[in-house]
K.L.:
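After the structure tokens below, expect a handful of questions from me.
Given the structure is predicted, the values throughout are model-derived calculations rather than measurements. Sequence lines set the chain letters: A, B, ... in the order given, protein chains first and strands last, and positions in each chain run from 1.
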Amino acid sequence: MGAPFDITYVFGYLPKLLSTLGMTLLIVGGSLLVGIVVGFLIALPRLYRIPMLNTLARIYVSFFRGTPILIQLFLFYYGLPEILKLAHLDISKAPVLVFVIITYGLHTGAFMSETIRASVTAVDRGQVEAAYAVGMTSYQAFTRIMLPQAMAIAVPVFSNLVIALLKDTSLAFSLGVMEMTGKAQTLGSLTQHFIEAYISLALIYLVVSMTLEKLLLIAERRLLRHEETDSTGHRRFRLEQKSSYRRMVASVDAGKGGTEV
Amino acid sequence: MIQLTNITKSFGRHQVLNKIDLTVQKGEVVVILGPSGSGKTTLLRCVNYLEKPNDGEILIGDYRLNCKHASKKDIYQLRQKSAMVFQQYNLFKHKTALENVMEGLVVVKKLSKEEAKTRSIALLEKVGLGSKLDAYPSQLSGGQQQRVGIARALALEPEVILFDEPTSALDPELVGEVLAVIRKIAKEGITMIVVTHEMGFARDVANHVVFMDGGVIVEEGTPVELFNNPQEERTKQFLKRITPELNYSI
């Protein structure tokens, strides 16, 4: 079972693993971008209840939420070239990274679409009516009134998604992408100091997660500054923020009557 | 002048408005009364197309719109002629009081920021909120929020301001401050259509009172006519129920 435990290896591995942090972050960043675009494309037909597309979007979401990411990776990596071959498109030479980013992107998109949907519905409908009454077009009402508030509501869920995605990227190694987890495996097998490699790896993931969480918390505070009343101070805990989220959800549809536009 | 002709609206099979005709002269304050479910709020919402009438014609100022053939562009045009004050205030929660008032001026009326700001500050001072310019709606009381809502409506300089039960969501002790502001702007000759349950207010501010029930206008007239000498049985019933203190004499 490998070489005896030696703490110095943990520190020795850190710089070696950090050299592949860029790859991990590239996967995270790339798939977030794909995910946000896909998320909107999937959320919009559901928000506006467009008949056929609505059903397709639901099937899409249940597929990506209901199957393990590892299987999705294999399906896309081995399956996609086969399907595209039927359309006379050869992508078997495309870099693995492309498949990885697409798969993670589509996977994140499914979760993202649910987040977008929930946040947009959580913004009080009355404000949209007020925007229309002021004379705004539906596009102006969406971008100026809905979106900023929906984003603030979405941030806590979004930060969970980002951190889950960061950790999920460790599976990209199974397709042979040399990101952090892959590097740790390799280092481990080279020296037989597996535990040290994994401790080192865990430390890096932890620090990166915590940094991301902090950054997103700052973003959330900024986006939610209108929610702060005089009585609540500047330091607020996550639990309280959750309750404020619920408050916003609870105030949905407080107005009278429905609208069609 | 505002003229509604033959306004008809149904939700599914339920007919809410049945061929309503209503004319409001420039500078007039019209109060719409009626039991809940009588269609008064729906009628008000039809005037600025938050509710799409199935049939009829809306004339505001010099703009005429046939509800059967209304394009999106027509609707935006029509909406710019009116402004609305909502029961639940419906302020933009992520914007300060000042930004709430400025929003329409900058985005819709395309005023410069400075011009919009000067105008908005003046209006907020008018409704007594000169010291709350940078407060977010969550930091304001219901009455203050509603006054911001009124300033927001005034800023657009519409042909008509529509008030949808502006005091129904307020604590009783805050009702007064909002009514005082509405009274003040009524005196300035701004055309208003008000749906309310405040009988006292209706009595001394309205030029014209309309009583609705079951999707039709049952009776209309001056406040004196309607309150002191209602002609229709349904109006009498309603007034009796809503002003029980008039039932006894000392």
Side-chain angles (χ1 to χ4, degrees), chain A residues 119-120 122-155 219-233 236 241 244-245 247-261, chain B residues 9 11 16 36 39 41-42 44-45 47-52 72-73 75-96 99-110 135-140 149 152-153 155-156 158 161-162 164-165 168-169 195:
Chain A
S119 321
V120 169
V123 178
D124 158 28
R125 193 66 218 151
Q127 289 182 53
V128 181
E129 291 192 347
Y132 290 151
V134 165
M136 286 193 212
T137 62
S138 30
Y139 176 75
Q140 287 169 332
F142 185 76
T143 50
R144 297 194 58 94
I145 306 301
M146 282 286 242
L147 207 56
Q149 295 186 64
M151 266 164 67
I153 299 173
V155 171
E220 186 182 347
R221 284 235 179 84
R222 217 186 125 57
L223 285 166
L224 275 178
R225 65 188 182 281
H226 62 273
E227 272 254 310
E228 242 159 69
T229 49
D230 293 330
S231 51
T232 41
R236 296 201 303 174
Q241 283 176 342
S244 84
Y245 170 59
R247 253 208 320 279
M248 291 190 82
V249 174
S251 70
V252 176
D253 285 338
K256 205 179 172 188
T259 325
E260 335 164 18
V261 176
Chain B
K9 169 77 187 170
F11 292 119
V16 190
S36 51
T41 292
T42 310
L44 199 70
R45 289 164 62 89
V47 176
N48 69 349
Y49 245 78
L50 285 179
E51 220 69 79
K52 186 185 180 318
K72 258 197 163 172
K73 219 174 140 206
I75 296 171
Y76 292 137
Q77 286 268 320
L78 181 81
R79 281 185 181 146
Q80 295 201 20
K81 300 278 174 191
S82 62
M84 189 144 184
V85 174
F86 294 87
Q87 182 178 11
Q88 303 288 344
Y89 335 128
N90 291 357
L91 296 185
F92 307 132
K93 294 206 174 79
H94 60 311
K95 294 187 180 290
T96 63
E99 288 167 343
N100 260 281
V101 182
M102 282 172 64
E103 186 73 7
L105 294 176
V106 175
V107 179
V108 181
K109 301 264 176 199
K110 310 283 181 209
Y136 285 103
S138 61
Q139 297 161 331
L140 297 172
R152 179 171 68 180
L156 303 163
I161 301 186
L162 312 165
D164 181 14
E165 307 193 22
S168 304
V195 169

K.L.:
Closer than 3.5 angstrom, by distance alone: can the side chain of Asn100(B) be matched with the main-chain N or O of Phe92(B) as a donor-acceptor pair?
P.N.:
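Confirmed, Asn100(B) side chain pairs with Phe92(B) backbone.
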K.L.:
With only heavy atoms counted, which part of Phe86(B) is less than 4.5 Å from chain A, the side chain, the backbone, both or neither?
P.N.:
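Side chain only.
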K.L.:
Check whether Leu91(B) gets within reach of chain A through its side chain, its backbone, both or neither, counting any heavy atom under 4.5 Å.
P.N.:
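When you check distances to chain A, only backbone atoms of Leu91(B) fall under 4.5 Å.
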K.L.:
Would you mind telling me which of Leu105(B), Ile75(B), Leu156(B) has the largest number of heavy-atom pairs within less than 4.5 Å of chain A?
P.N.:
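Answer, by heavy-atom pair count under 4.5 Å with chain A: Leu156(B).
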K.L.:
Step by step, would you call Asn90(B) with Met84(B) a side chain to side chain contact (heavy atoms under 4.5 Å, CB included)?
P.N.:
CA-CA 10 Å; Asn90(B) 291 357; Met84(B) 189 144 184; over 6 Å; no
K.L.:
Considering only heavy atoms, which portion of Gln140(A) lies under 4.5 Å from any heavy atom of chain B: side chain, backbone, both, or neither?
P.N.:
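For Gln140(A), side-chain heavy atoms alone lie under 4.5 Å from chain B.
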K.L.:
Quick one: does Ser138(B)'s side chain have a donor or acceptor within less than 3.5 Å of a partner on Lys93(B)'s backbone?
P.N.:
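Not a single qualifying donor-acceptor pair exists.
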K.L.:
Is the closest side-chain heavy-atom distance between Glu51(B) and Phe11(B) below 4.5 Å?
P.N.:
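The answer is yes, as the side chains (C-beta and beyond) meet within the 4.5 Å cut-off.
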K.L.:
Quick one: what part of Ala131(A) sits under 4.5 Å from any heavy atom of chain B, side chain, backbone, both or neither?
P.N.:
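Interface part for Ala131(A): both.
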K.L.:
Please name the pair of heavy atoms, one in Leu223(A) and one in Pro148(A), separated by the smallest distance, quoted to 0.1 Å.
P.N.:
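Minimum heavy-atom separation between Leu223(A) and Pro148(A): CD2-O, 4.4 Å.
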